[in-house]
Amino acid sequence: MCFNHTWYSAFLSGNIGANAPALISNEGPGFVAQQTTLSSMHTSRPALRESLQEYGRGIAGGLMFSMPLLYTMEMWWSGFTLPPERLLVGVFVTLGLLLGYNRFSGLRADASWLEIAIDSVEEFGLAVLLAVGALAALGRIGPDTPFEELAGKVIVEALVVAIGVSVGTAQLGDERARNKEGMTGDQQGDAPATFGEQVVIALCGAVLFAANVAPTDEILMLGVELPPASLLLLVVVSLVLGLLILQYSGFARSSRVRGETTIDVFGGVVVTYAVALLASAMLLWFFGRFDGMSPLASLGQLVVLAGPAMLGASAGRLLLQ
Amino acid sequence: MNIPNKNWVEWSVFGLGALLVLAVVSYLAFEIVTRSTSPAQLTVTLGEPQPAGDRYMVPVTVENEGETSAENVLVEVSLAGDAPVRSIVQLAFVPHGSSGNGWVMFPAEPAPEQLEARVLGFEEP
């Protein structure tokens with residue numbers, strides 16, 4: 001998995017001041033010196049090269065994180081089987097997640113809400129173009145595709161690509177983020193994240209991970225076929241995995257979410273699992289997986305999908321500054 | 001509120017992005033208002049039989065003029081005459097407003113006027 005590395009670069013870009021000793025041991029003192037000159041250079045309009053680099057990262061990230069879904073036929077089909085109401089809700093929820101992610105991922109500590117909104121719109125636009133390009137390259141849309149089918153496929157794929165673009169822009173690079181952050185980043189670097197921020201980021205991570213498998217038939221199959229005892233085991237495994245990631249893995253930044261008391265530790269894991277269940281429910285509803293299902297079958301799918309969602313939610317919380 | 005400092009590339013990307021977001025939202029809103037939920041309406045048309053090795057194949061096109069998509073569309077093409085033959089093709093998906101294509105095979109060259117095609121059934125996605 002590449003995520004370790006991306007968190008790591010986020011870590012580098014995030015807390016230069018607060019973590020200078022750790023940084024020097026990894027990169028050498030020259031790195032810090034370079035950072036200082038860069039941030040003093042860019043008080044005015046960003047250079048063209050930097051903008052293009054940032055979009056390049058966004059494009060790479062968008063494709064990297066959403067590639068499994070660009071290659072999934074259930075996704076293409078969702079484009080023309082899902083009712084437009086649901087797609088519209090999906091568009092608004094995705095825009096909301098982009099806002100939340102851009103605001104709280106820790107790389108834009110000094111950005112105003114207007115800047116965050118502009119970035120989110122840019123990311124969504126890039127995602128639509130990337131979805132068109134990728135679907136055309138894969139021969140899923142072409143000049144002969146009726147408009148309704150084309151629009152549906154592009155919109156469904158663009159939702160996932162957009163989150164990928166956002167994560168890619170923020171996590172794959174460090175140069176621009178450092179410049180943008182300037183001095184406020186250093187000052188705010190150690191402020192503990194609020195509960196709300198943690199929930200938003202955990203939700204973004206959960207959606208990003210769980211979306212990769214949510215539209216597939218395998219979730220339905222597992223949810224319906226697994227006996228209750230296995231589902232219960234799956235809940236326990238998900239909680240233990242969350243505990244592992246948040247408390248004992250030593251992932252970059254995990255010290256920030258590590259609980260002090262037993263109540264902190266287990267409370268944190270349980271809240272993260274609740275977020276995972278929420279993300280799982282949102283995705284299953286979006287892909288119509290609850291339609292006509294019995295409560296038990298719905299619950300089964302929820303628990304099955306909450307496994308990957310828990311991994312994403314826990315990992316997401318580590319991205320927080 | 002301060003206007004963020006952006007160069008012309010960033011402003012153009014934002015402009016394009018805003019345009020696309022607006023287009024997606026208004027398209028979906030338009031679909032919600034104008035859409036009716038009539039079931040799939042499938043019509044089958046057959047093309048000219050073509051030889052394929054020692055067999056003959058006939059192109060099948062299924063058009064869906066309804067408002068919902070059809071899944072697992074089963075089409076039967078039967079050849080009347082002295083030795084009646086029945087061939088079946090299944091199309092995984094025929095989206096609404098779109099068409100799906102397939103082929104049916106026959107052991108001998110079928111006369112187009114003796115071929116009859118009908119949709120046996122389909123699944124609602």
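Order of the sequence lines sets the chain letters (A, B, ...), proteins ahead of strands, with each chain counted from 1.
With rounding to the nearest 0.5 angstrom, the CD atom of E122(A) is 6.0 Å from the CD atom of E10(B).
Note: W77(A) and F93(B) have tilted aromatic rings, judged against thresholds of 30 and 60 degrees for the angle between ring planes.
Scanning both residues, S51(A) and N7(B), for their nearest heavy atoms gives OG-ND2, 2.6 Å.
At a heavy-atom separation below 4.5 angstrom, chain B is approached by no residue within residues 130-140 of chain A. Using a 4.5 Å cut-off between non-hydrogen atoms, the part of residues 155-166 of chain A that approaches chain B consists of I155(A).
By number of non-hydrogen pairs under 4.5 angstrom with chain B, the leading residue of A127(A), P84(A), P146(A) is P84(A).
Only the side chain of L16(B) comes within less than 4.5 Å of a heavy atom of chain A; its backbone N, CA, C and O stay farther away. Heavy atoms closer than 4.5 Å to chain A are found in both the backbone and the side chain of S98(B). Heavy atoms of L20(B) lying under 4.5 Å from chain A belong exclusively to its side chain.
Side chains of K6(B) and I118(A) form a contact here, defined as non-hydrogen atoms less than 4.5 Å apart.
S69(B) places a side-chain N or O within 3.5 Å of a backbone atom of F80(A) that can act as its donor or acceptor partner.
In this structure, the side chain to side chain contact (heavy atoms under 4.5 Å, CB included) partners of A151(A), at least two apart in sequence or on a different chain, are F147(A), Y27(B). A search for side chain to side chain contact (heavy atoms under 4.5 Å, CB included) contacts involving M221(A) returns E225(A), not counting sequence neighbours.
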